[in-house]
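Read the structure below first, then the notes.
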There are 2 protein chains.
Amino acid sequence: MYVTISKRLREAGFRATPQRVAIYMTLAQTKAHPCAERVYEKLHREFPSLSLNTVYKTLQTFEELGLVRRLDTGEGICRYDANPAPHVHLACKACGRVLDIDYDGTYILERMANHVKENGGHEVCDFNLILYGYCRSCSSQEAGSN
Amino acid sequence: MYVTISKRLREAGFRATPQRVAIYMTLAQTKAHPCAERVYEKLHREFPSLSLNTVYKTLQTFEELGLVRRLDTGEGICRYDANPAPHVHLACKACGRVLDIDYDGTYILERMANHVKENGGHEVCDFNLILYGYCRSCSSQEAGSN
DNA sequence: TTCAGTGCAAAGACTTTGCACTCAG
DNA sequence: CTGAGTGCAAAGTCTTTGCACTGAA
């Protein structure tokens with residue numbers, strides 16, 4: 001993994017700095033879809049010199065390289081996902097978590113793209129689909145404690 | 001229309017101020033999915049005393065009342081749509097416009113909700129689907145003048 | 001060695017808050 | 001009349017910019 005990301009950065013003409021590797025690893029090891037601030041908090045302990053600014057810049061770079069996907073869930077922050085393939089997310093209105101949904105994103109994209117091409121003549125190349133609701137644990141707790 | 005929005009506000013226990021009516025009308029009369037700033041600009045001419053702040057507050061109120069839908073297209077701003085029903089949007093990467101896509105949002109929602117309920121046990125009640133690509137006019141102009 | 005990348009501080013964009021004034025009901 | 005709503009200014013949150021220093025290649 002470490003090797004992979006370093007290699008991919010270099011192949012793209014970027015330097016594989018420890019900061020970049022650490023940020024990528026953090027993202028790759030979580031399913032929480034953290035925002036820049038959250039990534040920073042997590043890394044700051046073991047990497048005290050790291051600046052929030054670098055996290056922002058790095059995540060931006062990763063997004064441009066297609067290593068990472070940016071999610072807008074309507075919270076007013078950018079979350080990031082180490083899985084850059086189009087896929088579906090669920091934002092829980094109770095606990096605030098953002099979960100991956102097991103739905104074939106590529107298939108959805110293909111179908112949407114065809115439909116939209118045929119009906120409006122528009123060219124679709126990506127999508128962002130967020131479902132809003134309540135995750136399993138929150139919806140089973142009935143009485144919304146939040 | 002004027003009557004409708006006034007009435008709906010009053011029925012919900014809110015005052016039907018000229019500002020609120022004007023803001024609603026502005027939104028209802030456009031397909032551009034404007035942000036608060038854009039709504040403000042449009043109204044400021046004929047309504048010089050209106051403040052941007054009021055636009056923000058009003059749009060927030062409308063959203064809470066379900067009169068309006070908030071869109072996150074990943075531009076870092078909130079756009080608003082006078083159609084509160086779930087539906088699909090296309091964000092053009094060339095011209096920046098956000099278009100409505102003629103796709104039955106309610107049907108999509110229903111299918112998604114069923115699938116997700118059966119597979120993960122999550123409760124889905126709304127969605128936000130943004131397609132990214134190039135609108136008809138931009139994709140026919142080939143050479144991205146961007 | 002060299003310049004892409006980092007870290008710091010400051011600025012910027014969008015949005016919210018606080019408070020006295022105003023006008024819809 | 002009365003308090004919900006407005007407008008102004010100031011503050012807040014998230015993100016970006018500018019610049020000198022550092023360390024990956």
Side-chain angles (χ1 to χ4, degrees), chain A residues 2-3 5-24 26 33-41 43-65 67-68 70-80 96 98, chain B residues 2-3 5-24 26 33-41 43-65 67-68 70-80 96 98:
Chain A
Y2 177 97
V3 173
I5 181 63
S6 297
K7 196 175 154 214
R8 294 188 68 179
L9 283 168
R10 281 195 217 95
E11 281 171 357
F14 290 77
R15 290 187 182 171
T17 65
Q19 289 92 331
R20 284 179 173 165
V21 173
I23 290 168
Y24 184 82
T26 300
H33 310 92
C35 61
E37 189 91 42
R38 202 64 61 247
V39 171
Y40 171 71
E41 279 172 13
L43 281 172
H44 195 60
R45 299 166 208 156
E46 54 180 90
F47 217 126
S49 78
L50 180 70
S51 78
L52 176 57
N53 189 317
T54 295
V55 176
Y56 273 107
K57 283 180 184 165
T58 300
L59 289 173
Q60 214 168 263
T61 302
F62 284 174
E63 198 202 353
E64 282 157 18
L65 284 176
L67 291 171
V68 136
R70 190 174 180 152
L71 298 182
D72 286 278
T73 60
E75 303 161 293
I77 55 170
C78 293
R79 285 167 172 271
Y80 290 87
V98 175
Chain B
Y2 177 97
V3 172
I5 180 65
S6 298
K7 196 176 154 214
R8 293 188 69 179
L9 283 168
R10 282 196 217 92
E11 283 172 356
F14 289 78
R15 290 188 181 172
T17 65
Q19 290 90 332
R20 283 179 175 166
V21 174
I23 290 167
Y24 184 82
T26 300
H33 311 90
C35 61
E37 189 91 42
R38 203 63 62 245
V39 171
Y40 171 71
E41 278 172 13
L43 281 172
H44 195 59
R45 299 165 207 157
E46 53 179 272
F47 217 126
S49 77
L50 180 71
S51 78
L52 175 58
N53 188 318
T54 296
V55 176
Y56 273 107
K57 282 180 183 164
T58 300
L59 289 173
Q60 216 169 262
T61 303
F62 285 174
E63 199 203 351
E64 282 159 18
L65 284 175
L67 292 171
V68 136
R70 190 174 182 154
L71 299 183
D72 287 279
T73 59
E75 303 160 293
I77 56 170
C78 293
R79 286 167 172 269
Y80 290 88
V98 175

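Residue numbers start from 1 in every chain, and the chains themselves are labelled A, B, ... in the order their sequence lines are given, proteins ahead of strands. Reckoned from all heavy atoms, side chains included, excluding hydrogens, waters and symmetry mates. Fair warning: this is a prediction, and the values are worked out from it, not measured in the lab.
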For C:dC3, does OP1 or OP2 lie under 4.0 Å from any side-chain N or O of A:Arg15? no
Whole angstroms only, please: what is the CZ-C1' distance between A:Arg10 and D:dA25? 8 Å
What's the angle between the local helix axes at either end of the helix from C:dT1-D:dA25 to C:dG25-D:dC1, using five pairs per end and rounding to 10 degrees? 40°
Can you tell me how far CD of B:Gln60 sits from OH of B:Tyr80, rounded to the nearest 0.5 angstrom? 6.5 Å
Could you state the interatomic distance from CG (B:Leu59) to SG (B:Cys35), rounded to the nearest 0.5 Å? 9.5 Å
Atom OH of A:Tyr40 to atom P of D:dC14: distance rounded to whole Å? 14 Å
Interatomic distance, A:Ile5 atom CD1 to A:Lys7 atom NZ [nearest 0.5 angstrom]: 12.0 Å
Report yes if a side-chain nitrogen or oxygen of A:Ser49 is closer than 4.0 Å to either non-bridging phosphate oxygen (OP1 or OP2) of C:dG7; otherwise report no. yes
Once you round it to whole Å, what is the distance between C1' of D:dA25 and NZ of A:Lys7? 17 Å
For B:Gln19 and D:dG7, is the shortest distance between a side-chain N/O and OP1 or OP2 below 4.0 Å? yes
Quick check on DNA chain C: between B:Lys57 and A:Phe47, whose nearest nucleotide comes earlier from the 5' end? A:Phe47
Measure the shortest side-chain to side-chain distance between B:Leu9 and B:Arg15 over non-hydrogen atoms and say whether it is less than 4.5 angstrom. no
Would you tell me if any nitrogen or oxygen in the side chain of A:Thr54 comes within less than 4.0 Å of OP1 or OP2 on C:dT6? no
Send over the distance from B:Ile23 CD1 to D:dG5 C1', rounded to a whole Å. 11 Å
Heavy atoms from C-beta onward define the side chain here; which of D:dG7, C:dG25, D:dT16 lies closest to that of B:Ser51? D:dG7
Which whole-number value in Å describes the distance from A:Leu52 CG to C:dT6 C1'? 13 Å
Using a cut-off of strictly less than 4.0 Å, decide whether B:Thr17 has a side-chain nitrogen or oxygen near OP1 or OP2 of C:dA24. no
Anything under 3.5 Å between a protein N or O and an N or O of nucleotides 9-14 of chain C, put it in a table, one pair a line.
residue	atom	partner	partner atom	Å
C:dA9	N6	A:Asn53	ND2	2.8

To the nearest Å, how far apart are A:Arg20 CZ and D:dG23 P? 15 Å
Regarding A:Glu41 and A:Arg45, does a basic nitrogen lie under 4.0 Å from an acidic carboxylate oxygen? no
Check the pair B:Phe62, B:Ile23 against side-chain contact (heavy atoms from CB on, under 4.5 Å), reporting the backbone distance first and the verdict last. CA-CA 10 Å; B:Phe62 285 174; B:Ile23 290 167; 4.1 Å; yes
Can you measure A:Leu50 atom CG to C:dG5 atom C1' for me and round it to whole angstrom units? 12 Å
Which comes earlier along DNA chain D counting from the 5' end, the contact point of B:Pro48 or that of B:Phe14, where each point is its nearest nucleotide? B:Phe14
Distance check needed: D:dT15 P versus B:Asp72 CG, whole Å only. 12 Å
Has A:Gln60 got a side-chain N or O lying under 4.0 Å from the OP1 or OP2 atom of D:dT15? no
Euclidean distance, B:Arg20 CZ relative to B:Lys57 NZ, rounded to 0.5 Å: 10.0 Å
Roughly how far apart are B:Arg8 CZ and B:Leu67 CG, rounded to 0.5 Å? 5.0 Å
After noting the C-alpha distance and the side-chain angles of A:Ser51 and A:Thr54, does the key distance pass the side-chain hydrogen bond (donor to acceptor under 3.5 Å, both in side chains) rule? CA-CA 5 Å; A:Ser51 78; A:Thr54 295; 3.1 Å; yes
Could you walk me through whether A:Ser6 and A:Val21 pass side-chain contact (heavy atoms from CB on, under 4.5 Å), step by step? CA-CA 7 Å; A:Ser6 297; A:Val21 173; 3.7 Å; yes
